[in-house]
Amino acid sequence: MTIRAVGGSLSLDHQLNDDVVNRSVGLRGLSVQLALRGVCKTYGPPASGVRALVDVDLDIQNGEFFSLLGPSGCGKTSLLRILAGLENQTAGTISIADRVIDDVPPFKRPVNTVFQSYALFPHFTVRKNIAYGLVSKKISGSDLNNRVNEMLALVQLTDLSERYPGQLSGGQQQRVAIARALAPEPDVLLLDECLSALDRQLRKEMQSELKRIQRSTGVTFVFVTHDQEEAMALSDRMAVLSEGRVVQVGTPIDIYNAPANRFIAGFIGDMNFIRCEALGSRRVSVAGQVLDVEHKFEPGASVVLAVRPECLTVDFDGSSSDRMSAAGMAGTIQDIAFTGNVLALSIELSDGQHLRAELRSRDVAGKSIMPAHAVRVGVEVSDISIYPAAAGV
Amino acid sequence: MGRSTGKIYLSLAPSVAAIMILFCGPLLAIVAASFTRRAPNGGLDWSEFSVEGYVRLFAEPDLFGVLVPNYTFLSAFTRSLSLSLITTAICLLIAVPVAIYMSQSSHRIRNLLLLLITIPFWANLLARNYAWILILRSDGILDGIIRSVVPEAPQTGLLYTQYAVLIGLIYSFLPFMVLPIYASAERFDWRLADAALDLGASRRRVFVTVILPLLLPGIIAGSILVFIPSMGSYITPRLLGGGRDFLLGNLIAQQFGSARNWAFGASIAIALMASILLALALVNRLSQNKSEREVKVA
């Protein structure tokens, strides 16, 4: 497998490669924890109602950090509520550890939820909030106290145990919600967009915090988010949902490198879509460059070529080129954005289409880069995905 | 800045004056009257300070001027208290589910229910009580309905009993219970109930440990709004109870009316107010203690 991470250097490639191998080996030894078969959810009358989920099949492994990723309205929160038992699926079967739980009420499922709004009990202290699920399991006395203290230590809130939720910051409330949901030792922890209310800095902190908690408890996490960066950073594997369907399941790297369709290509990471004409069954032409690609299609068909901004090479001086791709696509620099490690260029191709290219700052150090400069944009055939052209692009 | 503050006070003056005169004035007059003595021909004898009115709450002089116990006030007080407590409790039992249902309903049903609940406010209090007389009296509407189902049924004979008074009071005061609880229920975040269910709590436990405590402000406000006017209710017991069992309101009205003992009437009114204030202070104290205890419990 070829891995091309953001600004991927050779060493980074290897590191990621190993990580993927480790993960998949690790997962292979584990059993399926949560299995969904043909899960459908329709709101309103069966025939004409809104179809929130359509035939969802998923296998989530034991101890996995699994994300459900999709734009708002894709059905991911419905799916989470169905897993929690707060709503019932219209059709299909859900089982946890080979036990079908379709008719199990929410309070008897081995599943706990961290809600988007946290839903902490405002009239209970942090300690009583965390103890709530344990009391349900008839745990009392020193067992209860020990477990609550353990949870408080896990989320680093021991000092605030006697506070009320109203006296805590957003990040602290978030930790209480996690501790409360983990305290009854659920088989699966569901997290519903629970980082979206935090500011950027805190969200980054909580991401690594979540990851740490998941690793140290070994509980299966099912994390719902619309933030693809967050899902990629956290997940062992993820499922991309669109309009109630699971479109692709895989590791973040698999999905990033080989998006199953154009929707995912645009949704996960930045992607340039370039409209072009098919010259032959394996040959396209774009902005003056002819590319021989691996895909096969009807000659004369209109297709869309997708390529990541970091996979583009930019030749600032068209005359001195030592690369095969130097012929490249002819274009003009329109805009330059320097963000530290990355230099992002917005380029207008000779046929009027726009591209975004991201170059590592150190690779272009010392070069004079100015708007309105003519450049040639190079691309490796192996970095290209090709999709049928849709209306609009 | 000093000048503008002065202007603000000046512009507030009329409303402050109106409150002082219209609210505090009559109250002070009653307090003052309660410390006077009955004039020989009725009315008030302002000439000296007297606690006679308060003594009469528990005892009265016999023909020889010796104080003997008098249970008129105490029995009226006990009867009013138990009736008000029962009224409050039944209103609570009806209002909590209604308020929760309303807060969960669609906008249209919610408005319709709000309208239905506030309709009694629009009708005259006397007219409402006479309507209940029509319903509850012997061979009245209620008896008619029962007979249409069970022809041999005896008369209910509810009118002029304390049950009739209870029905009348519940009917009059139910909106005062429903509306504050509804206000609390509408603000209630139902995701908390989801969270409790998710954490393994049975529906019963969700209700007792999460829903009820968070409706408590509305429940307390509603209970106060029902309990206090019930304690002083006058027209309903008079019309539906037939004036057989004396309640505090009737006793006060009698002292200001036919008995022409304003000093005693004022004393009863003040005693009623004092006991209510005491009860409120107690409720306040208890709810504070409760939240303090919650902090300590593990």
Side-chain angles (χ1 to χ4, degrees), chain A residues 80-81 83-87 104-142 144-149 161-165 167 176-177 180-186 189-190 192, chain B residues 92 96 99-100 103-109 180-181 183-223 283-298:
Chain A
L80 203 73
R81 288 180 63 82
L83 292 177
L86 297 169
E87 281 177 38
V104 179
F107 50 88
K108 287 187 181 151
R109 290 193 181 193
V111 168
N112 289 130
T113 308
V114 179
F115 290 86
Q116 184 172 15
S117 59
Y118 313 147
L120 299 177
F121 306 125
H123 56 303
F124 289 152
T125 57
V126 168
R127 176 170 285 277
K128 285 195 84 180
N129 263 287
I130 296 176
Y132 195 88
L134 296 169
V135 176
S136 307
K137 294 182 90 180
K138 307 267 184 279
I139 296 168
S140 61
S142 59
L144 176 78
N145 258 325
N146 292 341
R147 182 71 183 152
V148 172
N149 289 336
S161 65
E162 301 307 325
R163 296 263 186 101
Y164 284 88
Q167 301 168 301
V176 178
R180 183 180 69 173
L182 279 173
E185 299 182 335
L189 186 76
L190 308 175
D192 185 9
Chain B
L92 201 58
V96 169
I100 290 176
S103 71
Q104 293 281 73
S105 314
S106 70
H107 209 68
R108 252 187 54 221
I109 292 178
I181 299 179
S184 283
E186 209 200 3
R187 257 178 291 136
F188 180 75
D189 181 357
W190 287 96
R191 287 171 296 191
L192 295 178
D194 279 350
L197 277 179
D198 184 70
L199 288 165
S202 63
R203 289 176 214 287
R204 208 186 99 92
R205 181 161 175 250
V206 175
F207 184 73
V208 174
T209 59
V210 177
I211 298 178
L212 220 47
L214 293 174
L215 295 185
L216 205 60
I219 289 174
I220 290 177
S223 301
V283 167
N284 204 11
R285 187 67 184 276
L286 281 177
S287 55
Q288 257 172 20
N289 272 356
K290 195 177 173 299
S291 55
E292 273 163 29
R293 214 172 49 238
E294 264 169 10
V295 181
K296 281 175 199 139
V297 168

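- Closest approach of B:Ala195 and A:Phe115 over heavy atoms only: CA-CE1, 3.4 Å.
- With a 4.5 Å cut-off on side-chain heavy atoms, A:Pro110 and A:Pro186 do not count as touching.
- Within residues 199-208 of chain B, the residues that have a heavy atom under 4.5 Å from a heavy atom of chain A are B:Leu199, B:Gly200, B:Ala201, B:Ser202, B:Arg203, B:Arg205, B:Val206, listed by number.
- Using a 4.5 Å cut-off between heavy atoms, B:Ala196 contacts chain A through both its backbone and its side chain.
- The pair A:Arg147-A:Glu185 meets the salt-bridge criterion, with a side-chain N (NZ, NE, NH1 or NH2) lying under 4.0 Å from an Asp/Glu carboxylate O.
- With a 4.5 Å cut-off on non-hydrogen atoms, B:Leu192 touches chain A through its backbone and its side chain both.
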side-chain contact (heavy atoms from CB on, under 4.5 Å) between A:Tyr164 and A:His123, worked out | CA-CA 7 Å; A:Tyr164 284 88; A:His123 56 303; 5.6 Å; no
Does the pair B:Asp198 and A:Leu190 meet the rule for a side-chain contact (heavy atoms from CB on, under 4.5 Å), with working shown?
CA-CA 10 Å; B:Asp198 184 70; A:Leu190 308 175; 5.6 Å; no
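- Taking the side-chain hydrogen bond (donor to acceptor under 3.5 Å, both in side chains) definition, one finds that B:Thr209 meets it with A:Tyr132, sequence neighbours left out.
- Taking the centre and axis of the six-membered ring of A:Tyr118, the NZ or CZ atom of B:Arg191 falls outside the cone set by 45° and 6.0 Å.
- Using a 4.5 Å cut-off between heavy atoms, A:Leu120 touches chain B through its backbone atoms (N, CA, C, O) alone.
- With a 4.5 angstrom heavy-atom cutoff, A:Val135 touches chain B via backbone and side-chain atoms both.
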> After noting the C-alpha distance and the side-chain angles of A:Leu189 and A:Val114, does the key distance pass the side-chain contact (heavy atoms from CB on, under 4.5 Å) rule?
Replying inline: CA-CA 8 Å; A:Leu189 186 76; A:Val114 179; 4.2 Å; yes
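- If you measure heavy-atom distances from A:Arg81 to chain B, the contacts under 4.5 Å come from the side chain alone.
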Starting from the C-alpha separation in whole Å, work towards a yes-or-no answer on side chain to side chain donor-acceptor pair (under 3.5 Å) for A:Asn112 and A:Arg180. CA-CA 9 Å; A:Asn112 289 130; A:Arg180 183 180 69 173; over 6 Å; no
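- Heavy-atom distances place no part of A:Ala177 under 4.5 Å from chain B, backbone and side chain included.
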